[in-house]
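Only one structure is covered here, and it is reproduced in the block below.
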There are 2 protein chains.
Amino acid sequence: MTVKLSDIADQAGVSVMTVSNVMNGKHARVSKATIDRVLEIAERLGYVPNIPARSLAASRSHIVAALVPVGEEGSLLFSPHTVAVIGGVERHLRHRGYHVLLRGIERDDEIAQTIRGWSLDGAILVEFTDAQIDRIRIDGVPLVAIDSYSANPRTIGVRTDDHRGGWLAGACLAEAGHRRVMFAGPPYEGMGVVGQRWDGFRAACVAAGVDASKIVREEVLTSFEDGRALGLRLLRDHPDVTAVFATADVLAVGIMAGVAEAGGSVPGDLSVIGFDALDISGYTTPGLTTVAQDMDAKVAEVARIILDEIERGEGPRAPVSLGVRLIERGSVAAPRR
Amino acid sequence: MTVKLSDIADQAGVSVMTVSNVMNGKHARVSKATIDRVLEIAERLGYVPNIPARSLAASRSHIVAALVPVGEEGSLLFSPHTVAVIGGVERHLRHRGYHVLLRGIERDDEIAQTIRGWSLDGAILVEFTDAQIDRIRIDGVPLVAIDSYSANPRTIGVRTDDHRGGWLAGACLAEAGHRRVMFAGPPYEGMGVVGQRWDGFRAACVAAGVDASKIVREEVLTSFEDGRALGLRLLRDHPDVTAVFATADVLAVGIMAGVAEAGGSVPGDLSVIGFDALDISGYTTPGLTTVAQDMDAKVAEVARIILDEIERGEGPRAPVSLGVRLIERGSVAAPRR
DNA sequence: GTGAAAGCGCTAACAT
DNA sequence: ATGTTAGCGCTTTCAC
C-alpha cells in the first residue's frame, strides 16, 4: 500500500541506502544519473517519507516544539504576539524541512520529557517566566526563550530591546512637553520585560529634565478592564499627571476608554502611549501612539538560531535583542495647561 | 543513556511485552502485582516512551495535525478564533495522550502527504474554504473541518449556527425598531458562513415586517480599514439606513470608528451589531452588541469527535452546529427620527 | 497472564 | 559511487 524506499530501490535496481542518500540530498555520494532515475521513480510512485521511521533510526526528528505554559484553566491561549512568533517560525522551519509540535506545559519536567520522548531537534519556549526558564536543566538541544531575561546559559534569549522601547516612550512624552508622567504596568518581575521598560522610560524622562521622584507608578494587570478602571479615576486621582506610558497596548486602550468614559479626552486632557503595536492600537480614535517591535526580524532570528544550532551545532551565544521603533498616531500631544 | 522498555523488563524480571502492555493500560492482560511492580520501576527509572518508535511499530502516531492554509506571504497568521480552537483542542487531546502538530498547507496534496508521512491519527482543518474542503480525497483518517459548509462526506463539519446568528442580529435590530437596515460582509461564497448569516438576517428582518427589497447589502472585506471606509461614507451615502449588521467584529468596530470620524454617533445616528464577540468588541465605546458563539462547547465538540473516531472508529456523521447567543452592549438603540 | 519472534521503514557505520 | 550489516524502541501476532 504505502511506497517505501525499498520499492524505489527495487525498481531502480539500486540499494535502499542509495535511495536514502538521494532522498536526503546527500548528492555527493551518488552519481547524477542514479539521482535522476531514483527521483523520477520516487515521483512516479508518489513516495512520501515515513517520519517516525526516520526519527527512530536517526534519533533526530526534524521536529521543533513550541512549548507554552498552561495555567489552571488548561487551555493554550497565547497572545497575538505569541501567535505571530509561532506562525512565522513555522513557515521558516517548514521551508527547511522541519515541523512544529505545539505543546502545553503543565509541570516543569514535561519539558524534558517532551524533548526526550520525541527526539526533538529543538524547542521554542514562549511565555514562560524568567523563573521557569532559570530552572531548566536540559543540554544537547537548542532552546530558544522568547522575551526572557533569564541568565540560564542553556537557553538562548531572543527579545525586544525593551529598555530602548521604554526610552522611546519616555522621550516621546518628554519631547511633547510633559513633565508629570505616569508609568502603568504589571508588578515588577525582577529585571524582566517590565523592569527594562521602566528603566528605559525613567532614564529618558530624567534625561529630558523630568523630576524622577515625581514619576507616578501604577501597578495594574495587563488587561483592558484594569486599564479602564485606571482611566476612570486617573484624572481625578492624579490631577497633575498629563501623560501615561502603559506597558501594553491592551492596557493603554483600556485607559483611553476609561478616560473617555469619565468625560476626559485623549490627548486633550491626557496623552497615552502604549507598547506592542497590536492591531487594536490602530482601532481606537485617536489612534494609539505605541512602540513597535519588528516581528519579521524577530521571527527570522528565532528560526535562524534554531536552525544554525541544529545543523551547524554552533553553541549557545549571548541573548539577541531586536530593534524597536515609535509609531506615532494621535494619542500624544502637548500637555494641557 | 535513555531508559527503554527492556530496561524495565530486566529489572522487573518480566518480558518487554508485559511492560508494554502495562504502559498502554492493557491491564486486562496483566496481573495486578505485575502492574504495580512495573509501574514502580518505570517511575523510579524515569521512563519516557519513545514516540517515533511507537508510531513506527503501531503505524499510528497519537498525533493530530492542525492544518492551516498559508497564502503567498507564507506565514501562519490565524484569527483569534482559530487560536482559540487550536489552543483548546490541544488541551483536550493532551489530556488524552495525544499531540498536536501545527502545519501550514501550501498545496492541496500536502494534506495527504502529511497524513501519510506522519501516520497521523486525525486532522483538523482550519480556515480552509469550502472549495478546498470539497477537493479532499482522503479516507481512513478522521478529518474535522471547522466552520465549513462543504458537503464532502469525508470530512466532518463543526461550525457555528450561522443562520441563527444572522437571525438573532436581524431580530435584535428589528425589535429596536429599525426598518431600514444594512448587511455588511465579504462577497458571497456559495452557501458558506456569510451566506448563512445573510439568510438568517434577512429572514428575521422580513418576519418583523422589514421590506426585504430595502435591505442594503454592502460588500466589504473583513478588516478594520474596510469597515472604517464604509463608516466614513455610510451616513452620507445611505441617509435612510439606521442600523447595520456586520458579519465580523473587526468590521463592525471599523464601521463605528468611521462613523465617529465622520461626525456621526453610535448608536445615536446608527446602530451597529457585530459577530464573533472577540475581545475587541468590548473595547469600544459604546461596547459593541454582537453575536457570540460558545467556544468552549465548540472546542470540546471538535476534540470529542476526533477522539471518538480515532478510538471507537465511529464513522463520519452529520455536521455539527453550535449554539449562538446575543451579547447586548451599547451599540444598538432605537432608530433616530 | 506472560513471552518469543518478527518486523515497522529508515539510517549509521562501515565495507567494497 | 554503491552495497551490507545492524540496529533504533516499540508493537503485533501467536504460542505457551
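Below, chains carry the letters A, B, ... as their sequence lines are ordered, and counting in each starts from 1.
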Checklist entry - Of all heavy-atom pairs between Leu67(B) and Ala123(B), which one has the smallest distance, and what is that distance? => result CD2-CB, 3.8 Å
Checklist entry - Can you give one letter per nucleotide of nucleotides 10-16 of chain D, 5' to 3': B if a protein heavy atom sits under 4.0 Å from the base, S if only from the sugar-phosphate, - if neither? => result BBB----
Next on the checklist: Using every non-hydrogen atom in the two residues, find where Ser321(B) and Thr160(B) come nearest and quote the distance to one decimal.
Outcome noted: OG-O, 4.2 Å
Item to check | Any Ser15(A) side-chain N or O less than 4.0 Å from OP1/OP2 of dG3(D) | outcome: yes
Checklist entry - Which part of the nucleic acid, if any, lies within contact of Thr34(B), taking any heavy atom under 4.0 Å across all strands shown: a base, the sugar-phosphate backbone alone, or nothing? => result sugar-phosphate
Checklist entry - Which heavy atom in Tyr47(A) sits nearest to a heavy atom in Leu5(A), and how many Å separate them? => result OH-CD2, 3.4 Å
Checklist entry - What are the two closest heavy atoms between Pro142(B) and Ile310(B), and how far apart are they? => result CG-CG1, 3.9 Å
Item to check | Glu311(B), CD atom: more than 12 neighbouring heavy atoms under 6.0 Å | outcome: yes
Checklist entry - Please give, in whole Å, the distance from dG7(C) P to Leu56(A) CG? => result 17 Å
Next on the checklist: Nearest whole Å is fine: how far is dT11(C) C1' from Ile8(A) CD1?
Outcome noted: 15 Å
Next on the checklist: Heavy atoms only, 4.0 Å cut-off, all strands: where does Ser59(B) land among base, sugar-phosphate and nothing?
Outcome noted: nothing
Checklist entry - Are any non-hydrogen side-chain atoms of Ile133(A) and Tyr149(A) less than 4.5 angstrom apart? => result no
Checklist entry - Is the closest side-chain heavy-atom distance between Ile35(A) and Ser31(A) below 4.5 Å? => result no
Next on the checklist: Could you tell me how far apart Arg37(A) (CZ) and dA1(D) (C1') are, to the nearest whole angstrom?
Outcome noted: 12 Å
Checklist entry - How close do Ala53(A) and Leu56(B) get, heavy atom to heavy atom, and via which atoms? => result CB-CD1, 3.6 Å
Checklist entry - Rounded to whole angstroms, how far apart are CG on Asp36(A) and P on dA1(D)? => result 14 Å
Checklist entry - So what is the end-to-end bend of the helix from dG1(C)-dC16(D) to dT16(C)-dA1(D), with 5 pairs used at each end and the value given to 10 degrees? => result 30°
